[in-house]
Amino acid sequence: MKWRRALFTASPWITTIGFFLLWEIGCRAFNVATFVLPTPSDAFKALVDNWSGIWPNARHTMFTTLIGFGIAVVFGVVLGVAVGASALLYRSLNPLLVGFNSIPKVAVVPILVLWFGIGTAPAIITAFLVAFFPISVNVAAGIATTEPELEDVLRSLGASKLDILYRVGLPRSLPYFFASLKVAITLAFVGSVISETVAANEGIGYLMLTASSTFRVPLVFASLFVIAAMGILMYAVAAAFERRHTKWATRGLDQYGTG
Amino acid sequence: MKDGSTDFIRVECASLYYGGGDDGVLALKDTNLTIARGEFAAVVGPSGCGKSTLLKLVSGLNRASTGKVVVDEADVRKPLKIVGMAFQNPALLPWRTTLENLLLPLQVAEPHRQQFRRERGRYVEQARALLAKVGLAGAEDRFPWQLSGGMLQRASLCRALIHDPQILLLDEPFGALDAFTREELWDILQQLWQDQHFTVLLVTHDLAEAVYLADTVHVFSNRPGRVVHRRAIDLPRPRNSDMRFSTVFVDHVHELRAQIRREREVI
Ligand SMILES: Nc1ncnc2c1ncn2[C@@H]1O[C@H](COP(=O)(O)OP(=O)(O)OP(=O)(O)O)[C@@H](O)[C@H]1O
Ligand SMILES: [Mg+2]
């Protein structure tokens, strides 16, 4: 039993390290050219060597992501509350929202560039555009699924719609909200990196693009590592945040927590 | 108590039609029903005949399509604020402890909401006393998901009564409980009713439950529902579990069962 627990704890590390080992061994065994697929050690070396160039770009991407994400949270919550609380709004906005969400956001970036020029603004807006939707959907779902019995109990006490929203709908949607943050922050990050690879002169996406256009493939992979690490970091922060704020929704169970 | 001179609740020729057009449902048709102040009334009838709908009419959550509901000599046009409700689904707020769940009606209902902050201490005492009465002392600070089904239903009953309503509306509140717990809760409900003198309208599928608790049992017809039979239960109070096996009790249950069977065969 002790063994199994230790294995359980160590399993994410084992698989990750195992993945890099396989990659390293595979590359060496089959003599894969560096400009096709560098070994992870090449990539890490590039990471260390180019750190002074990578770091400001990574910081910039983090910054655009967080701003876009922040706007998405505010807008997403407002929209979610409105749509969740009003069946009329839900019905009238639903086709627009679904339609909008099915547009690949890469396709929007050129338009943003047209309006705002190349640079930080398109990245922030792309991050916002991809991130607000899951937040809205989740918040709306949390509010709209309020038990009808509970609504009856409260209405029979003379509660207004606003009372019910405040006492039941909003607290009820909190776990949905926090769960959506994990998804939204990752999407925001993807959004800003995509936008940077299309139209930017700064950021980790931009760095990756320039590195690949000059065939510095290890640097491309080093950038990918940084992107992955940042994604994991942001996800972990959002997940920790979620765990702290929604104990009641997980019934005090911890073992399914992620991150 | 049952002088009937002035009826507290009167449902007069009320019909309710859900939805509109061709796919609407006529849930109640020309229902008549009266309940005296302080009376314990029960409603039984086939599934889907409109019993829950009746409760919505009496509480004012829905308005009758035709006919009317009169409570305390006033037409019911909007949700009454003198009712407490409990359902089969206890529907407690999972992020609130039992005690905090009990305080919810006081935070919402007039006139308590204005004085809630000022009088919180008094309200908490009141809630604790009520919880103790139904055997939930010690569970005040536990969350709903830490309670058993019977405990949840007790708490739900307390939430329905904390603001001292004049009418208690119960929609199959014990339907999901095991037999022992259910009988325990019958006695608790009877005790609360005898202490606090509210008027009860209980919807149930359990005929023994209706006979055990009610002064009057109303039998509903198939949908569209209306009262087709009214039976006074003149067993002495307080009723106890021994009475359940007396011939009078068993006869009441049998008669009601026969009535309902007749109703179902009408289709
Ligand atoms: N909100 C609603 N909209 C449309 N139809 C409804 C609605 N609520 C109930 N009905 C219909 O009205 C009829 C009566 O429903 P009601 O819930 O009052 O029955 P009930 O006697 O409580 O049934 P049960 O014993 O199964 O709880 C049913 O046919 C039901 O489908
Ligand atoms: Mg019902």
Side-chain angles (χ1 to χ4, degrees), chain A residues 77 80-81 84-85 87-88 90-91 138-181 241-257, chain B residues 52-53 55-62 71 76 78-97 100-113 116 142-147 156-157 159-173:
Chain A
V77 167
V81 169
L88 177 68
Y90 175 81
R91 209 180 139 71
N138 271 34
V139 170
I143 292 175
T145 50
T146 298
E147 289 106 320
E149 289 96 340
L150 206 49
E151 255 183 276
D152 284 354
V153 165
L154 288 170
R155 276 178 57 213
S156 73
L157 293 166
S160 64
K161 272 201 96 129
L162 214 60
D163 286 330
I164 298 176
L165 185 65
Y166 176 66
R167 298 285 179 195
V168 184
L170 290 183
R172 200 173 188 299
S173 69
L174 273 187
Y176 294 79
F177 168 67
F178 285 117
S180 75
L181 290 189
F241 203 62
E242 177 191 9
R243 266 207 311 280
R244 279 194 46 170
H245 287 273
T246 53
K247 279 226 174 70
W248 63 264
T250 48
R251 309 287 188 261
L253 291 176
D254 265 342
Q255 56 264 47
Y256 295 107
Chain B
S52 302
T53 305
L55 288 193
K56 293 212 172 183
L57 284 189
V58 172
S59 63
L61 290 172
N62 282 359
V71 171
V76 177
K78 57 178 176 22
L80 292 172
K81 292 170 190 172
I82 53 163
V83 305
M85 304 180 93
F87 303 86
Q88 178 166 348
N89 171 6
L92 299 178
L93 301 177
W95 56 89
R96 288 186 173 216
T97 62
E100 290 166 345
N101 262 293
L102 245 64
L103 296 180
L104 177 68
L106 302 172
Q107 292 175 309
V108 169
E110 310 280 359
H112 307 285
R113 63 187 294 166
F116 184 79
R142 288 161 76 186
F143 288 92
W145 38 274
Q146 297 171 317
L147 304 183
S156 165
L157 207 55
R159 184 181 61 188
L161 291 172
I162 187 72
H163 59 297
D164 235 344
Q166 296 182 40
I167 303 175
L168 179 62
L169 300 176
L170 300 172
D171 197 346
E172 298 177 39

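Note that this is a predicted model, so its numbers are computed, not measured. Just so it is clear: chains get the letters A, B, ... in the order the sequence lines come, proteins before strands, and each one is counted from 1.
- Lys56(B) pairs by the salt bridge (charged side-chain N to carboxylate O under 4.0 Å, His left out) definition with Asp152(A), not counting sequence neighbours.
- No part of Gln88(B) comes within reach of chain A, as not one of its non-hydrogen atoms sits under 4.5 angstrom from that chain.
- Considering every non-hydrogen atom in both Ile143(A) and Gly80(A), the closest pair reads CD1-O, 4.5 Å.
- For Phe87(B), the part lying under 4.5 angstrom from a heavy atom of chain A is the side chain only.
- When the candidates His163(B), Glu110(B), Gln107(B), Gln146(B) are compared by the number of heavy-atom contacts under 4.5 Å with chain A, Gln107(B) comes out ahead.
- Along residues 169-181 of chain A, the residues that come nearer than 4.5 angstrom to chain B, judged on non-hydrogen atoms, are Pro171(A), Arg172(A) in order of number.
- Taking the side chain as every heavy atom from C-beta outward, Arg113(B) and Asp163(A) approach each other to under 4.5 Å.
- Scanning both residues, Gly158(A) and Lys81(B), for their nearest heavy atoms gives CA-CE, 3.7 Å.
- Applying the side-chain hydrogen bond (donor to acceptor under 3.5 Å, both in side chains) test to Glu151(A) and every residue at least two apart in sequence or in another chain returns nothing.
- Heavy atoms closer than 4.5 Å to chain B are found in the side chain of Glu147(A), but not in its backbone.
- In this structure, Ala160(B) and Leu168(B) approach most closely via the heavy-atom pair CB-CD1, 3.7 Å.
- Taking CD1 from Ile82(B) and CD from Gln166(B), the interatomic distance works out to 4.5 Å, rounded to the nearest 0.5 Å.
- Legend: residues meeting side chain to side chain contact (heavy atoms under 4.5 Å, CB included) with Val108(B), ordered by chain and number and at least two apart, are Leu154(A), Leu157(A), Ala159(A), Arg167(A), Leu104(B).
- Proximity to chain A (any heavy atom under 4.5 Å) is shown, for Leu61(B), by both the backbone and the side chain.
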